[in-house]
Every structure is written in C-alpha cells, then in structure tokens.
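This is a predicted model, so every value here is computed, not measured.
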Number of protein chains: 2
Amino acid sequence: MLVYNRFYGNDTGIVTKYVVFFYFRSIFVFMAVTIKDIARHSGVSVSTVSRVLNKKPDVNTETELRVNKAIKKLGYSPSSVARGLVLKRSNVLGFVVPDITNPNFPELARGVVEKARQYGYSVIFFDTNHDNKVEKEAINLLRSKQVDGIIVSFSEANQVELGKLKEEKFPAVQIYRKSPNSVISTIAIDNVDSAYKAVKYLLSLGHKQIGHLTTGISTLSGAERLEGYQKAYKESGLVYRDEWIFSGSHCADTGYDGMKIFLDQKEPVTAVFASHDLMAVGAYEAVFEKGLTIPGDISIMGHDNIEISRLVHPKLTTIDTYKDKLGQAGVELLLEEMAERSRINREIIFKTELVVRDSTRQIS
Amino acid sequence: MLVYNRFYGNDTGIVTKYVVFFYFRSIFVFMAVTIKDIARHSGVSVSTVSRVLNKKPDVNTETELRVNKAIKKLGYSPSSVARGLVLKRSNVLGFVVPDITNPNFPELARGVVEKARQYGYSVIFFDTNHDNKVEKEAINLLRSKQVDGIIVSFSEANQVELGKLKEEKFPAVQIYRKSPNSVISTIAIDNVDSAYKAVKYLLSLGHKQIGHLTTGISTLSGAERLEGYQKAYKESGLVYRDEWIFSGSHCADTGYDGMKIFLDQKEPVTAVFASHDLMAVGAYEAVFEKGLTIPGDISIMGHDNIEISRLVHPKLTTIDTYKDKLGQAGVELLLEEMAERSRINREIIFKTELVVRDSTRQIS
DNA sequence: CTATTTTATTCAAATTTATTAAGAATTTTT
DNA sequence: AAAAATTCTTAATAAATTTGAATAAAATAG
C-alpha cells in the first residue's frame, strides 16, 4: 500500500490534506446482472423470472425456488430504470423546499422521507434557495425524471406552474406553505387560529399591550398570523396600536431590530408575540442589551417550536406545528392523489398546540 | 365549484379540516410526448432528432431548426428514464445522512444539492435515523435506482458495505464523518487540530482548568476532539484531570448534565470546551441554574458553529467547520471518482476556523 | 460532359432491461 | 381422443442512443 499526503491551501484559506491510498487487489470489473443472466442461470425464460420477481401466478414452486436461488447467487436486483420505462412509474417522489437550513424544514423533510420510505418510495430532494427560477427548473427536472408525484413548498410566484400540473392531473401537493388560490392540494396549519391562540394566551396572562413581530403580509403565513393577532384583540375588546406591529423577515436579526424599536417607545409593550421562533430569539438579544429580563420585564412568545426554542434561556414559550406530521401527511395525501388522479383539491389544515415554557409570565 | 368543509379529530389530538374543491373543466388526459412524435412531426427519423438533442454533428442547420421547432411546439422533454437505460447513467446521486434534524446536516445537504444541481445532477435523499438496517437498505435502493454515485455519512457499522462498493468501483464518498479505515474516499475535517486549536485558545486566555464535554470515544469525531484536547494540554506543560472530562451524546441535555457535575466539584473548572455546540448550549443552562454568568464565572466554547451558536446569549465562541463547503467538496470528489473509476482512495481534510464570540473571556 | 470519388446528411435497425399478452407445449382430466 | 388445466416461450413494447448502411449532393477525373 502506497500512501502519500499532500497539504495545500486554497483561496478560501482552507487548508486541505490529501491522503491517497493505492490498493492492489484482484482486478474486478463490475458487470450488472440482468434478468437474462438469471434466466440463463436457472434454465428458464426471462418472463418466468419476471413472474417470480413480481410474485405472479403460473409458476411451479420448484421453478420458483430455482430462480430465487439464482437471484441470490448472482446478487441480482432488478433495474428500476428499465422497470420504470415499462411501467411508467419510478417509485420516486420529488420534494422541493425553499431552504433546508430554515429550521422548520429538516423536520418536515424527515417526515416526508420517512413516510415515503415506508411506502417504498425514494425522494429526490431540491433546495431552491428561494429562487423562483430554480423552482421551475426543479419541476421540469423532476418531470423528466418521471417521478410519480411531487411535494413542494412554493412561494406565490410559481403557483401558476403548479396549476398547470393539476391540469395535467400530475400528482402534486403543496406543503407547509399554503397554496394561495388552492391550485393544488395542500397540507398546512391553521395560522390564524394558531396566532389567535398565542395572543389569547398572552392576554389571559394579563398582558394588554402586546407587540407583534410579523414577517409582513408578503408571506401568506405572516399575513394569517397577523390576522390571528388582530382577531384575538378584537375578541378581547381591547385595541392594539399600529406601532406595536413590526415587519421583519425570516431571519433572527429582524426580531432584534423590531424589539429595539418596541423598547424605545414611550409606553413599551409588556409582551411580544413573534411570528416565528427565530425572530423571538432575536428579540431576546435586544431585551438583554437594555439590561432587562425575560419574562420579568417582558414576556416573549414565538411560533413553530423549532429546536432552538427549548435551548435558549429562558426557554421560549411557543406554538408547536407538528412539522414531521405535516411531512408525513403530505406523503399520504400525495399517494391518495396518485391513486385517484382526479382534479379535486383537498386542503388539510392541522391545528397547532401551545407550548408553555419560561419566557412568558402572568402580570397583575 | 362545489366546496365542503369537514372537521375531525384524530388520535393525536390534532384537528384537521378538509376543504374540497371540485373543478369542472375540459377533460384533458396527459400523454407524454416522445422522440418519435418529434420525428414524425418534423418529418425526420428518430436518430436525427436524437442527434439534434445531443448537439451531435452531421445535422443540417435547416433540419435542426425544424426539429427544435417541433420540440418547442409539442413541449417535448426527453425521458431521463429511457436515456438512463441506454447510457447506464441516471444523472442522479444518492445522499444518505443519519439525521437531517441534527443541525449540522442541513447545511451539508444544501452544499451537496446545490453543487450537484450545478453539474446537472439530482439528488435522492435518505435519512436513516441512525438505523444501520436503513443504511444498508438505502444503499441497495440507490443501486437499483442506478444512481451514478453516492455520498454517505455512515457510522462504523456499515463501513464493510462501503468497502464492497469500492471493490466494485462503484463511486462513493464518505462525508463529514470520517471513514474509519478509509475504505472509501472521504471529506472530513481535522478534528484533532480543531479541538487542539479550541483548547489552545482557552489556554491563551489564561484558563488552566478546562473541562471537556465529549461525545465519548464511541464516535470517531468525539475521540479525535478529545485527542486534540489532550494534545493542547500536553503541549502547554499543564496537566488535566480525569474528572474534567464528561462523556455525553449528540444531544444538548448531556451538556447540562456534564456541566452540573463540573460545577459541583470542589475546585471547578474555569472554562469548558464542548465537543459540539448543542452540548455547549446545554451547559449554559446548568450555569444559569447556579446563578453564575458566562463568561464572567465560566467560559464556554463549542464546536461546529451551528446557527444556534450565534443566537444564544451570550453568543457562543466556537469553531466553524464550513459544512456547506464540505458538502460541495463531497460532490466534486464524487464526480472525480465517477470519472476515474479507480480504486484509489482520497481523503480530503478541511482545516477549521476559530470563531470568537462572547462566551469566553481572558482571566488573570 | 459523363463517370467516379468524396462529402454531407439521413435513415433503418439493433441495443439497453424489464413487463406482459398471446400463443405454444406439456400434463392432467374427462 | 378431445377438452381442460398448467406452465412456459416468443414477441411486442417502453423511449431513448448508436452504428453501419443508404442516399443525395458536390467535387474531381478522364
């Protein structure tokens, strides 16, 4: 065995090391075993082997045994590609998300992949990085790969594309983010009710001035959660002020920015409901910077119950959205669509659940 | 348009709502357009169309135009499946991780998927949930799907399987976690050096009693980081005590447990280096519980620079491992392997980088 | 100006690996 | 010997690529 190491630096400043091993072993060129080989080896025809493989009738028990022995011996595994060509299905699903590094999506992805596996499907995964062009590209690629169905989490921009799929009865479901005009079947959560529940909880703790860090009306979920906030206020008979609402984005920094503004107001809010946990955690920083405490001086609530929420100090009160269940339900709905191939759209809305932790408190 | 809503509860206590839309539109059954249709439509043979598609020579400019027009008109896109059958490649890569909800993997995944896309490859994704059986299953599935190569992050258990792939010259690389006996090519980080750097930094701040929260020698990276810790101590001339080392796991709670033990010792450590950020953040909780401050009373350092590390308060000093770059490099190495098809193993080791934040301080 | 060679296009047929329907061969039953 | 039941084989099919042959046009030679 010959070994050599090479160290070198590259323009990123990362130094990499090469360790190369040369193996001198029996030379063995991999040749794929086909159904023909099995047929020849077991002295039957390919169609008989096919019947054995697919557990169809009209096969002698003895023949079956012989064929299975050959399959095992030669380590044969049918080519999904050839099978897909004939049967026009691939047993592969497509899954397209805007950003896997957004903490909501890994759990969703796990739910999807796990459930798909249970049903015998593999999953081709795309991360579009919020790029509409890539979204479109992904759809085309997945179709040319002949996936049996797709699960997407698209922005408004490409809903038209999804509508086209529906026209063709190509199985597709939108997950996590709602399909704005319900052009395809959807799995989502009841954002209005969820935010309503959150704000109602804060009101029940005695808070009357509740700020809201929203992602703005640019995202549907943001708009819905804002609606829930408003609904809770309306029902309580109290009124909120416009300056208690701050529009941020999907990242934590905007929570910090918003909270800073809230704290600088003459009559600061006593509680804040953030549209997602990351903003809530960002808000923490602004509170600490002012030398204030949570929940002593101000109560903070998030939404989504991502992992971070139970790791920060104090642990964040939030709303669980059952992301893995959403992913699983997405696959199940997709499989239904694949079976039916109708143009009916279903919309399955999950209720969410309040998770009370340490970032909120009762005030007199 | 007919709409009906259905509400129902299920055993998980989640209430879901059904909104079903019935569309009555022109009935349109999707029929795939094939190369034959293009040939017929443009009055040439399929082989000519194929030559146009693959930009091969020996095609009249005028013919090419005619064919391309037909392609556009009929909205034709070649079947990757049929193409895969003939060419024996699918333009699909496999990517298998133990746990996508582990905060290190999403970034890795993004790097892999993004780079693969740039090179025209799609990625079939598996999450094994640390199940060795599922790992094996994934390999078999990916092979029957005729992926062109795979990127895995396997535990020691299935290294034998990977070795078999190598025997067959099936392109495969191990990423993030090192391949223990280098049975296949690897992209990893220099864990020893990385931990060495971390502890050396703490020593440079004046800390002489540094605790280490390790994942134990059960994981290779844990063992290597422990080695780095020991190396730094050895070099400094100081000695560490065995009770300053606590073995935990991949989850945050064990950081809390370990830190509690550290703090209860008669002569507590003044700094702690955790093998990964989650443990470090878990340790925070134990410190706060005692009414102590970070870094006032104790400095804490993590490893991996996951998103959480800059969201906690104080922001965690840690080590960046360039996870997205690792993912990208994984794809590039895999593509090299695919081109060469040799039995040579490469090992590319990335250096890591110290990220100083607010959880560590100089002591006199 | 015809005959031959060269060049540029284009086509028909084989190939890839599996499934499946139709029909042939064999065995069993009537 | 005919009919029925069982089991297997042949050939078509899926949608592309590829090879060697065919055709047509252009160039060269006699």
Side-chain angles (χ1 to χ4, degrees), chain A residues 30-68 70-71 74-92 120 140-148, chain B residues 30-68 70-71 74-92 120 140-148:
Chain A
F30 180 70
M31 260 307 285
V33 181
T34 73
I35 197 170
K36 262 189 191 167
D37 300 316
I38 303 300
R40 202 177 311 127
H41 207 267
S42 49
V44 296
S45 69
V46 288
S47 59
T48 303
V49 179
S50 174
R51 252 177 290 115
V52 172
L53 285 172
N54 298 293
K55 300 201 191 345
K56 297 230 167 152
D58 301 341
V59 179
N60 190 305
T61 326
E62 198 192 298
T63 314
E64 191 182 339
L65 258 158
R66 201 145 34 92
V67 170
N68 278 325
I71 288 173
L74 302 188
Y76 169 71
S77 153
S79 155
S80 298
V81 177
R83 188 175 269 175
L85 185 61
V86 176
L87 300 180
K88 291 172 174 320
R89 55 184 179 75
S90 55
N91 280 314
V92 177
N140 291 333
L141 253 167
L142 288 169
R143 298 211 52 179
S144 89
K145 293 257 184 285
Q146 274 178 25
V147 297
D148 300 333
Chain B
F30 180 71
M31 259 309 284
V33 182
T34 74
I35 198 171
K36 265 190 190 165
D37 300 315
I38 303 299
R40 204 176 310 127
H41 207 267
S42 49
V44 297
S45 69
V46 289
S47 54
T48 304
V49 178
S50 174
R51 252 176 292 118
V52 171
L53 285 172
N54 298 293
K55 299 199 196 338
K56 298 227 168 156
D58 300 340
V59 179
N60 190 306
T61 327
E62 199 191 299
T63 314
E64 190 182 340
L65 258 158
R66 202 145 35 93
V67 170
N68 278 324
I71 288 173
L74 302 188
Y76 168 72
S77 153
S79 155
S80 298
V81 176
R83 189 174 267 174
L85 184 61
V86 176
L87 299 180
K88 291 168 177 319
R89 56 186 177 74
S90 54
N91 280 315
V92 177
N140 290 334
L141 253 168
L142 288 169
R143 298 211 53 178
S144 89
K145 292 259 184 283
Q146 276 178 21
V147 297
D148 300 333

Using a heavy-atom cut-off of under 4.0 Å over every strand shown, decide if [X] touches base, sugar-phosphate, or nothing.
{"X": "B:Leu87", "value": "sugar-phosphate"}
{"X": "B:Ser80", "value": "nothing"}
{"X": "B:Ser79", "value": "sugar-phosphate"}
{"X": "A:Val81", "value": "nothing"}
{"X": "A:Lys36", "value": "nothing"}

- Item | First of A:Ser47 and B:Arg83 reached from the 5' end of DNA chain D, by closest nucleotide | A:Ser47
- Can you name the closest pair of heavy atoms from B:Pro57 and B:Arg51 and give their distance?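 Closest heavy-atom pair between B:Pro57 and B:Arg51: O-CD, 3.6 Å.
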- Task: Kindly check if the number of other-residue, nucleotide or ligand heavy atoms within 6.0 Å of CZ (B:Arg89) is above 12?
- Result: no
- Phosphate contact (C:dT15 OP1 or OP2) by B:Lys88 side-chain N/O below 4.0 Å: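 So the side chain of B:Lys88 is outside the cut-off, no N or O lying under 4.0 Å from OP1 or OP2 of C:dT15.
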- Message: On the nucleotide C:dT9, are OP1 or OP2 found under 4.0 Å from the side-chain N or O atoms that B:Thr63 carries?
- Response: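 Looking at the OP1 and OP2 atoms of C:dT9, neither is under 4.0 Å from any side-chain N or O of B:Thr63.
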- Most 5' of B:Ala82 and B:Val59 on DNA chain C, judged by nearest nucleotide: B:Val59
Rounded distance in Å - [atom1] ([X]) to [atom2] ([N]):
{"X": "A:Asn54", "N": "C:dA21", "atom1": "CG", "atom2": "P", "result": "12 Å"}
{"X": "A:Asn60", "N": "C:dT27", "atom1": "CG", "atom2": "C1'", "result": "12 Å"}
{"X": "A:Arg40", "N": "D:dT9", "atom1": "CZ", "atom2": "P", "result": "14 Å"}
{"X": "A:Asp58", "N": "D:dT9", "atom1": "CG", "atom2": "P", "result": "13 Å"}
{"X": "A:Arg89", "N": "D:dA15", "atom1": "CZ", "atom2": "P", "result": "15 Å"}
{"X": "A:Leu53", "N": "C:dT20", "atom1": "CG", "atom2": "P", "result": "11 Å"}
{"X": "A:Arg51", "N": "C:dT20", "atom1": "CZ", "atom2": "P", "result": "11 Å"}
{"X": "B:Gln146", "N": "C:dA18", "atom1": "CD", "atom2": "P", "result": "8 Å"}

- Message: Could you check whether the side chain of B:Thr34 and the base of D:dA14 have a donor-acceptor pair of N or O atoms closer than 3.5 Å, going by distance alone?
- Response: no
- Options C:dC11, C:dT16, D:dT9, nucleotide nearest the side-chain atoms of A:Ser45: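 From the listed options, D:dT9 comes nearest.
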- Task: Would you mind telling me which of C:dT20, C:dT19, D:dC8 lies closest to the side-chain atoms of A:Lys56?
- Result: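 Of C:dT20, C:dT19, D:dC8, C:dT20 is nearest to the side chain of A:Lys56.
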- State, yes or no, whether a side-chain contact exists between A:Val92 and B:Lys145 at a heavy-atom distance under 4.5 Å. yes
- Query: Between atom OG of B:Ser80 and atom CG of A:Leu85, what is the distance when rounded to the nearest 0.5 Å?
  - Reply: 11.5 Å
- Item | Short side-chain donor-acceptor distance under 3.5 Å, B:Thr48 and B:Ser45 | yes
